[in-house]
2 protein chains.
Amino acid sequence: MALPFGAAARRPARKRTSFLTQDEIVAAAALILERDGYDAMNMRTVAAELRVQAAALYRHIQNRAELNDLLFDYLMADCAPHIRGIDWREDMRLIANAWRQRLVSRRDATRIALSQVSIGPNIAPLMDATFGALSRSGLSENDVVEAYHACLIFVHGFASAEASHRDLLSKLQGGIRIAPPRPEWAEAYPNLSRFADALSAPLNFDAHFAFGLEALFAGIERRIAASP
Amino acid sequence: MALPFGAAARRPARKRTSFLTQDEIVAAAALILERDGYDAMNMRTVAAELRVQAAALYRHIQNRAELNDLLFDYLMADCAPHIRGIDWREDMRLIANAWRQRLVSRRDATRIALSQVSIGPNIAPLMDATFGALSRSGLSENDVVEAYHACLIFVHGFASAEASHRDLLSKLQGGIRIAPPRPEWAEAYPNLSRFADALSAPLNFDAHFAFGLEALFAGIERRIAASP
DNA sequence: ACCTGAACACCGTTCAAGT
DNA sequence: ACCTGAACACCGTTCAAGT
């Protein structure tokens with residue numbers, strides 16, 4: 001008689017007493033994401049966490065894509081910061097930093113955030129705060145939407161780049177060598193060569209983020225000044 | 001005796017006379033990506049395109065990740081535009097637009113571009129041109145790297161958002177309804193509600209891209225003005 | 001109605017065996 | 001050295017059958 005091993009040993013197969021719920025599934029997925037990473041999260045591991053067969057999940061969610069959708073919204077819960085509503089730049093900084101902070105701090109969150117379009121109950125307050133701040137800037141209605149997209153792309157794009165860069169750093173101990181040593185490129189690509197060291201140097205994410213964000217503000221202010 | 005069907009019918013199993021090469025594999029992968037999309041591209045379909053077994057590919061590439069790497073560089077071939085080297089803004093506009101245009105025009109290119117860090121022979125000239133333009137702007141060496149990252153994130157992030165939005169548009173005929181009709185949100189999230197229509201309206205990608213890019217320029221100029 | 005058990009149609013990857 | 005054939009350890013998803 002073989003001893004139980006692996007997940008089975010840690011999770012004795014006590015029969016569930018209650019029915020499964022969608023919230024429970026999403027919470028289990030979030031737990032696995034945080035504990036074991038995105039690659040370890042799938043229908044079978046989520047189901048096992050709930051002491052249930054994978055097929056049982058399909059009673060409560062449509063498919064894997066919907067689970068990702070619900071999970072992403074779950075990860076952004078209570079992310080919207082308290083904003084004063086006086087200076088729109090101050091508000092935008094708070095929102096953008098909270099957003100980025102959350103995306104980076106929840107393991108592999110950026111790998112789910114990619115093609116997300118649905119607006120869940122936890123994303124809504126964040127969007128609302130952002131639109132509020134931007135519409136207080138003096139931008140026209142049309143420009144508010146453009147600025148929103150530019151900010152959203154920047155925050156998500158930056159967080160994605162930051163997360164994958166941090167991931168790489170943790171795997172490749174001893175620093176990243178972005179530019180591979182191709183000596184024949186030295187004269188063909190002088191500009192690239194000149195900045196090769198700076199590219200593989202450790203990044204100051206806070207400073208980079210602030211640079212991009214303040215740049216967006218500058219663009220917004222210029223647009224305001226240019227319109228009647 | 002069953003008739004051949006599907007791919008087998010279009011690609012009679014004539015024996016290959018020559019050996020496989022890495023370039024050939026990457027070209028086949030690019031062909032499948034363009035013809036059938038990213039979800040249809042895998043080791044087996046790439047191998048079948050070359051009238052070979054999937055296992056044979058591993059003599060010439062390490063794994064799927066390396067194929068993606070090589071493929072992405074392949075897709076960016078000859079993307080670097082001719083730049084005059086006089087006005088850095090003009091150059092950056094040319095580079096950024098060519099970059100975005102290429103990312104969007106090659107089917108599913110943005111799905112591969114995500115966690116790309118390796119610099120292939122086709123990416124190098126693009127990077128070189130970008131660093132050249134930015135260092136002519138008057139930015140300090142340190143700021144050039146920050147500006148480069150901000151631009152890269154913006155271009156890739158924008159192209160990703162544009163591609164997935166276009167993809168959604170082609171699937172959901174009749175326009176996108178970003179904000180689901182949740183009447184109870186109307187008073188809780190007034191700012192979100194006010195812009196809900198604008199969010200689901202068709203997007204002018206060129207205008208949005210120009211907005212973000214010019215905003216980055218404004219930020220760069222402000223940074224230049226602030227430094228000695 | 002909800003879940004199980006078993007299956008299906010996939011994936012990436014490995015490896016002994018052929019040529 | 002290069003490729004085949006077959007297998008392994010996975011995936012998401014479906015469906016009849018149990019309760």
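Computed from heavy atoms alone, side chains included, the values below leave out hydrogens, waters and symmetry copies. All chains are named by letter (A, B, ...) in the order of the sequence lines, taking the proteins before the strands, and each is independently numbered beginning at 1.
Distance CG/D206(A) to CD/Q101(A): 8.0 Å, rounded to 0.5 Å.
For DNA chain C, each stem of at least three Watson-Crick or G-U pairs (distances under 3.5 Å) is given as range with range: C:4-8 with D:12-16, C:12-16 with D:4-8.
In this structure, Q53(A) reaches the dG5(C) phosphate: one of its side-chain N or O atoms is under 4.0 Å from OP1 or OP2. Contact annotation: H60(B) side-chain N/O to dC3(D) OP1/OP2 distance is under 4.0 Å.
One atom, CZ of R16(A), and another, P of dC3(C), lie 7 Å apart when rounded to the nearest Å. In this structure, N68(A) places its CG atom 12 Å from C1' of dG12(D), rounding to the nearest Å. To the nearest angstrom, P of dA9(D) lies 21 Å from CE of M43(B). Across the protein-nucleic acid pair, F19(B) atom CZ and dA1(D) atom C1' stand 7 Å apart, rounded to whole Å. In this structure, the CD1 atom of I61(B) is 15 Å from the C1' atom of dC3(D), given to the nearest Å. In this structure, OH of Y58(A) is placed 15 Å from P of dC3(C), rounded to the nearest angstrom. The separation between L57(B) atom CG and dT14(C) atom P is 13 Å, rounded to whole Å. The CD-P distance, from E66(A) to dG12(D), rounds to 15 Å in whole Å.
Comparing N63(B) and R59(B) along DNA chain C, the residue whose closest nucleotide (by nearest heavy atom) sits nearer the 5' end is N63(B). Remark on DNA chain C: of its neighbouring residues M41(B) and V52(A), the 5'-side contact belongs to V52(A), judged by nearest-heavy-atom nucleotide.
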Find every protein N or O atom lying less than 3.5 Å from an N or O atom of nucleotides 6-8 of chain D, and list the pairs.
none

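Legend: salt bridge (Lys or Arg N to Asp or Glu O under 4.0 Å) pairs involving residues 153-165 of chain A, not counting sequence neighbours, sorted by first then second residue: R100(A)-E162(A), E162(A)-R166(A).
Annotation: side chain of W99(A) is in contact with side chain of L152(A) (closest heavy-atom distance under 4.5 Å).
For N42(A), whose side chain is taken as the heavy atoms from C-beta onward, the closest listed nucleotide among dC11(D), dT14(C), dT4(D) is dC11(D).
For the side-chain contact (heavy atoms from CB on, under 4.5 Å) test with M41(B), the passing option among D108(B), L31(B), D36(B), L71(B) is L71(B); the others fail.
In plain terms, the two heavy atoms of Y58(B) and Q62(B) that are nearest each other are CD2-O, 3.6 Å.
Ring geometry, F209(A) versus F158(A): the interplanar angle exceeds 60°, so the pair is classed perpendicular (tilted spans 30 to 60°). Ring geometry for F131(B) against Y148(B) counts as parallel: the plane angle stays under 30°, on a 0 to 90° scale with 60° as the upper cut.
Nucleic acid contact for R64(A): sugar-phosphate only, since backbone atoms but no base atoms lie under 4.0 Å from a heavy atom of the residue.
Using a cut-off of 4.0 Å between Lys/Arg side-chain N and Asp/Glu carboxylate O, D128(A) and R194(B) are scored as not salt-bridged. The pair D39(B)-R111(B) meets the salt-bridge criterion, with a side-chain N (NZ, NE, NH1 or NH2) lying under 4.0 Å from an Asp/Glu carboxylate O.
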